[in-house]
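Just below is one structure, and these are the notes that go with it.
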Amino acid sequence: MRKACINKVHELARNDPRVVFIGSDLSPGLLDEMKAEMPLRHYMEGIAEMNVVGMAAGMALDGYIPFVNTIATFLTRRCYEQVALDVCLHRLPVRLIANGGGVVYAPLGPTHLAVEDIAIMRALPNMTVVAVSDHEEMKRLMDVSLEWPDPIYIRLGKGGDPVVSDPDNGFTIGKGIMLREADKAQVLIVSTGVMTGRALTAAESLSPEGYECDVLHMHTIKPLDRKLLLQRASQVKTVITIEEHSVIGGLGSAVVDCLVEGPLSTIPIIRKIGLPDKFMENYGVQDDLLEIHGLQPKAIAQFIRETL
Amino acid sequence: MQYNTPDLDDRSKYLRSLVVRGLKGGNRGHVGSSMSPIEILRVLYDDVMHYDPQNPAMKKRDRCILSKGHGCLALYALLADKRYFPVEELDRFCHRDGILGGHPEQNKVPGVEASTGALGHGLSIGVGMALAARMDRRDSRVFVTMGDGEINEGSVWEAAMCAGKHKLSNLIAIIDYNKIQSAGLTRDIQDLEPLADKWTSFGFAVEEVDGHNIEALRAVFARTPFNLEKPTAIIAHTIKGKGIPFAEGDPKWHHHSRFAPEIFQKMNDALGVSNA
């Protein structure tokens with residue numbers, strides 16, 4: 001997913017002179033081809049997130065579209081004030097490409113786990129928050145990214161995730177995608193990022209048992225596709241949200257906010273599946289932490305059974 | 001640093017009276033912080049920068065970022081004087097429907113290049129603008145005025161390293177070195193010395209100047225860039241509250257609100273300006 005995203009920056013830069021890449025001490029040789037081709041628009045800066053975000057804002061104030069890339073935790077926690085004021089207050093088209101959203105960096109521990117990034121990014125006025133499901137969908141996001149006037153937080157998964165998106169659905173920022181539509185669904189699953197793949201697996205496994213689930217892939221957490229969510233939620237008794245993120249402030253909270261704000265006269269039962277409100281205590285790999293916290297398909301299916 | 005500073009001339013006094021007008025309009029404001037950078041901004045806008053108040057977005061303009069956003073009344077005084085907006089706006093400083101807030105906002109105030117107020121942001125934004133000028137092959141220059149207390153912020157030094165690395169000779173960092181921050185003297189709260197050495201070691205070409213001496217400021221800006229391969233740092237030695245004798249050098253006048261009614265007349269009397 002990261003490769004698809006980064007390569008797209010180069011491709012976009014070839015076709016649009018406004019596109020700039022800014023990395024903060026990333027892998028050696030990253031986008032060397034772009035650097036050779038357009039040295040003035042490729043920046044590999046030091047470990048200085050506050051500066052790179054401010055610098056990106058300065059470029060954007062003069063008409064550029066900078067794509068800033070580093071590890072998700074450092075791009076959110078470390079330079080939150082720069083993101084809030086330099087980027088969001090000025091409402092600039094800066095793109096923040098965040099490596100390792102969620103628990104991708106499981107072996108590296110809590111310093112490297114971005115489990116509240118969606119919450120703190122979506123709390124900022126003018127910010128757009130996107131978490132695609134796979135590398136193919138990433139390409140579609142990048143293709144439409146230049147037309148979007150506001151800042152975008154692009155949450156990257158680990159990579160190598162199975163492709164569950166469908167090109168026929170297209171990609172519009174702020175528009176959710178129904179990836180599974182069951183006959184007489186009892187449950188609406190709303191998921192984001194790579195959890196959508198796991199949500200689909202869980203839904204498939206429940207179908208033979210008579211539990212029917214729709215799956216709404218909400219790649220854009222902000223602005224939320226309220227219209228689609230309200231329409232689909234009004235047709236079921238239960239809404240389950242699934243995210244690789246703290247249960248505080250992420251997709252689940254966005255869905256709850258939307259449903260309680262109306263205008264539905266009856267609000268369905270809502271349950272949030274996500275990471276608990278604590279620093280991760282285990283290492284291992286991403287799948288281990290997802291398993292420990294009930295975010296693998298089997299546990300998701302079991303949770304839905306019990307909820308019903 | 002001891003300087004033989006000439007007395008303030010009529011223009012410097014007039015610009016300060018505009019600051020007083022804003023203080024009166026809002027019945028609040030950063031008094032000392034707005035008086036110390038007046039001559040720096042005056043010389044930039046009168047003698048150094050290329051810009052057009054009728055066309056604030058003119059691509060080839062020079063950019064002025066007041067990174068110490070709390071000193072905004074000084075910037076507002078210059079922008080009003082240059083007719084970016086009517087001078088009467090100063091009477092609505094901090095009013096609920098005014099455009100002039102207690103910190104400057106780029107999307108509200110014509111001529112304001114960047115919204116500042118949280119300290120330590122302006123130099124990075126300036127680095128981005130200086131790089132944008134380089135990418136555009138534009139000869140715009142970027143002037144970033146920072147407070148001395150402000151440069152306690154680590155982000156300033158991240159930006160300084162980056163400016164040095166990129167040899168941004170079109171970037172001019174100016175330190176309004178009035179030696180006083182909110183809590184007291186900078187040498188007691190967070191000593192900055194040796195300040196010139198710090199900027200030099202971060203890759204800047206540095207000069208120090210009397211920040212209230214118009215001729216000295218004109219001369220130092222005329223020499224910029226000091227080095228074609230380096231960004232410039234100008235350490236402007238100033239006096240907090242300059243021009244208002246009872247506020248000069250007194251940390252208590254960093255910020256003030258709910259002024260005694262007679263204070264504005266006293267300030268204008270001190271400036272020798274009749275209309276309070």
Side-chain angles (χ1 to χ4, degrees), chain A residues 13 16-25 34-35 37-68 70 74 78-94 124-126 149-151, chain B residues 56-65 67 69 101 103-109 112-138 140-142 144 153-166 168 170-171 202-203:
Chain A
D16 193 320
R18 298 173 300 169
V19 174
V20 171
F21 176 77
I22 306 173
S24 175
D25 197 32
M34 177 179 175
K35 188 180 178 181
E37 226 174 279
M38 43 192 99
L40 285 182
R41 290 195 281 144
H42 174 287
Y43 297 88
M44 188 55 71
E45 299 305 311
I47 308 163
E49 295 81 4
M50 295 186 287
N51 180 57
V52 293
V53 172
M55 172 178 142
M59 290 178 180
L61 278 163
D62 274 332
Y64 285 89
I65 303 181
F67 287 75
V68 183
T70 189
F74 311 138
R78 186 54 167 256
C79 49
Y80 194 59
E81 192 175 83
Q82 278 73 16
V83 174
L85 300 180
D86 301 352
V87 176
C88 290
L89 178 60
H90 291 92
R91 200 165 194 164
L92 296 171
V94 172
L124 296 173
N126 300 332
D150 293 338
Chain B
M58 179 179 71
K59 197 82 180 171
K60 288 190 172 176
R61 72 191 185 280
D62 293 323
R63 274 77 169 157
C64 172
I65 297 173
S67 192
H103 294 95
E105 290 192 65
Q106 178 262 352
N107 61 355
K108 287 187 181 160
V109 189
V112 168
E113 298 284 358
S115 302
T116 53
L119 296 173
H121 288 239
L123 193 58
S124 289
I125 294 173
V127 166
M129 288 178 172
L131 287 167
R134 180 179 286 178
M135 289 188 278
D136 290 348
R137 296 184 166 78
R138 233 185 320 115
S140 301
R141 297 198 289 167
V142 184
V144 181
E153 294 281 6
S155 53
V156 170
W157 302 100
E158 287 188 5
M161 271 195 284
C162 183
K165 165 193 160 176
H166 288 291
L168 291 175
N170 58 346
L171 178 71
F202 276 72

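Chain identifiers are assigned alphabetically (A, B, ...) following the order of the sequence lines, protein sequences preceding nucleic acid strands; residue numbering begins at 1 within each chain.
More than 12 heavy atoms of other residues, nucleotides or ligands sit less than 6.0 Å from atom CG of A:Leu40. Annotation: A:Arg78, atom CZ; neighbour count of heavy atoms from other residues, nucleotides and ligands within 6.0 Å does not exceed 12. Around NZ of B:Lys108, the count of heavy atoms belonging to other residues, nucleotides or ligands within 6.0 Å does not exceed 12.
Residues B:Leu131 and A:Met55 share a closest heavy-atom pair of CD1-CE, 3.6 Å. The two residues A:Glu45 and B:Cys162 make their nearest non-hydrogen contact at OE1-SG, 3.3 Å. Taking all atoms of both residues into account, the shortest heavy-atom contact from A:Met50 to B:Gly154 is CE-C, 4.3 Å.
For the set B:Ser155, B:Ser115, B:Ala159, B:Gly117, the entry with the most heavy-atom pairs within less than 4.5 Å of chain A is B:Ser115. Ranked by non-hydrogen atom pairs under 4.5 Å with chain A, the options B:Val127, B:Asn107, B:Asp136, B:Val156 are led by B:Asp136. Note on B:Met135, B:His166, B:Lys165: by heavy-atom pairs under 4.5 Å with chain A, the leading option is B:Met135. Among the candidates A:Val52, A:Leu89, A:Ile22, the residue making the largest number of heavy-atom pairs closer than 4.5 Å to chain B is A:Leu89.
B:His121 places no side-chain N or O within donor-acceptor distance of the main-chain N or O of A:Gln82, the cut-off being under 3.5 Å.
Annotation: the span from B:Ile125 atom CD1 to A:Leu92 atom CG amounts to 8.5 Å, rounded to 0.5 Å.
Proximity to chain B (any heavy atom under 4.5 Å) is restricted, for A:Val20, to the side chain, taken from C-beta onward. Only the side chain of A:Leu85 comes within contact range of chain B, judged by heavy atoms closer than 4.5 Å. In this structure, chain A has heavy atoms under 4.5 Å from both the backbone and the side chain of B:Arg134. Proximity to chain A (any heavy atom under 4.5 Å) is restricted, for B:Glu113, to the backbone atoms N, CA, C and O.
Side-chain contact check for A:Asp62 versus B:Arg138: some heavy-atom pair is nearer than 4.5 Å.
Take B:Thr116 and apply the side chain to side chain donor-acceptor pair (under 3.5 Å) test, not counting sequence neighbours, and it matches no residue.
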